[in-house]
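Note sheet for the following structure.
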There are 2 protein chains.
Amino acid sequence: MSECQVNSALEALVGKWKHKILFPLVQNQTMRFNELKRSIPGITQKMLTSQLRELEEHDLITRKVYAQIPPKVEYSLSEHGKSLIPILEQMSQWGAMHAAHLQSFKNAKKEVK
Amino acid sequence: MSECQVNSALEALVGKWKHKILFPLVQNQTMRFNELKRSIPGITQKMLTSQLRELEEHDLITRKVYAQIPPKVEYSLSEHGKSLIPILEQMSQWGAMHAAHLQSFKNAKKEVK
DNA sequence: CTGTATCCGTGATGATACTG
DNA sequence: CAGTATCATCACGGATACAG
């Protein structure tokens, strides 16, 4: 298990927004820009755009532009991006466990007082 | 698979330093403050201290203080922290794959030019 | 040895306005 | 609709000095 490999994995989904973008895409297959924006409360256009570009550079998502007026752009997980799903699932499971543990852990600390 | 669970998982190991601290601990079991500092090139005392405190709050590591002069403090993975190991391993594997894929992906883009 | 305290610069993020 | 451009802010982290 090497340090820098984990780094490269983390870079892909770390950050305030990356995973929040990935989630809807995992569930809905393909989404348009504004659709995505609506599904992520609090995100600004600027952030959504820049994060999408980064995900695209890492070949995790695919960007499909329809040459029409009004413009239409669809985003979806790339083939390579789909390899992320098991990780997201495992992180989700661990996250749930961790959240539960933290709860009882903090309660235990309280009682000591 | 819920969004906020992943969040809680990510918070545990995201950030510039968290996982760099976790790694030596996974391999060496237990380490002293300066030992840890030496094993993480570029980290400042301030950062190491603050990150260790956060990991401790999440009950991922254990801090053992010896009441002696000069002071001696040992850090190690907590029982709960050890549950992170499988995740780190999976992320490491995916990271390796991702790095390799990115390589050929970028080369492919070059050739198109 | 193992920290705390402070000060400070910079990059990331947000708000807002504008464009093809 | 799907962005880009610009400006302001603010938390993060680095450097340094000090302390128990």
Report yes or no: does [X] contribute a side-chain atom to a donor-acceptor pair with the main-chain N or O of [Y] at less than 3.5 Å?
X	Y	value
S92(B)	L88(B)	no
T30(B)	E74(B)	no
S8(B)	G95(A)	yes

Open item on the list: Using a 4.0 Å heavy-atom cut-off, does Y66(A) contact any base of the nucleic acid, only the sugar-phosphate backbone, or nothing at all?
Closed with: nothing

- [ ] Would you indicate what K46(A) reaches in the nucleic acid, counting non-hydrogen atoms under 4.0 angstrom: base, sugar-phosphate, or nothing?
- [x] base

Task: Contact boundaries on DNA chain D for chain B, cut-off under 4.0 Å to non-hydrogen atoms - done: dG13(D) to dG20(D)

Where [X] and [Y] come nearest, the two heavy atoms and their spacing:
X	Y	answer
L84(A)	L22(A)	CD1-CD2, 4.1 Å
A12(A)	L55(A)	O-CD2, 3.8 Å
I21(B)	Q51(B)	CD1-CB, 3.4 Å

What is the distance, rounded to the nearest whole Å, between atom [atom1] of [X] and atom [atom2] of [N]?
X	N	atom1	atom2	answer
I69(B)	dG3(C)	CD1	P	13 Å
I43(A)	dG14(C)	CD1	C1'	12 Å
R63(B)	dC1(C)	CZ	P	16 Å
Q45(B)	dT6(C)	CD	P	17 Å
K37(A)	dA15(C)	NZ	C1'	12 Å
E74(B)	dG3(C)	CD	P	12 Å
L48(B)	dG3(C)	CG	P	8 Å

- [ ] Assign each of M47(B) and F33(A) to its nearest nucleotide of DNA chain D by heavy atoms, then name whichever residue's nucleotide is nearer the 5' end.
- [x] F33(A)

Task: 5′-ward residue of the pair Q51(B)/P70(A) relative to DNA chain D - done: P70(A)

- [ ] Using a 3.5 Å limit on both pairing distances, list the dot-bracket string of DNA chain D from the 5' end; Watson-Crick and G-U wobble pairs count, crossing pairs take [ ], interstrand pairs take |.
- [x] ||||||||||||||||||||

TODO: For the residue pair Y75(B) and E35(B), confirm or rule out a side-chain donor-acceptor distance under 3.5 Å.
DONE: no

Open item on the list: Under 6.0 Å between ring centres: does that hold for H58(B) and H98(A)?
Closed with: yes

Open item on the list: With a 4.0 Å limit, can you tell me whether R32(B) has a side-chain N or O closer than that to the phosphate oxygens OP1/OP2 of dC1(C)?
Closed with: no

TODO: Starting from the 5' end of DNA chain C, give me the residue, T44(A) or P71(A), whose nearest nucleotide shows up first.
DONE: T44(A)

- [ ] On the 0 to 90° scale, with breaks at 30° and 60°, tag the F23(B)-H19(B) ring pair as parallel, tilted or perpendicular.
- [x] perpendicular

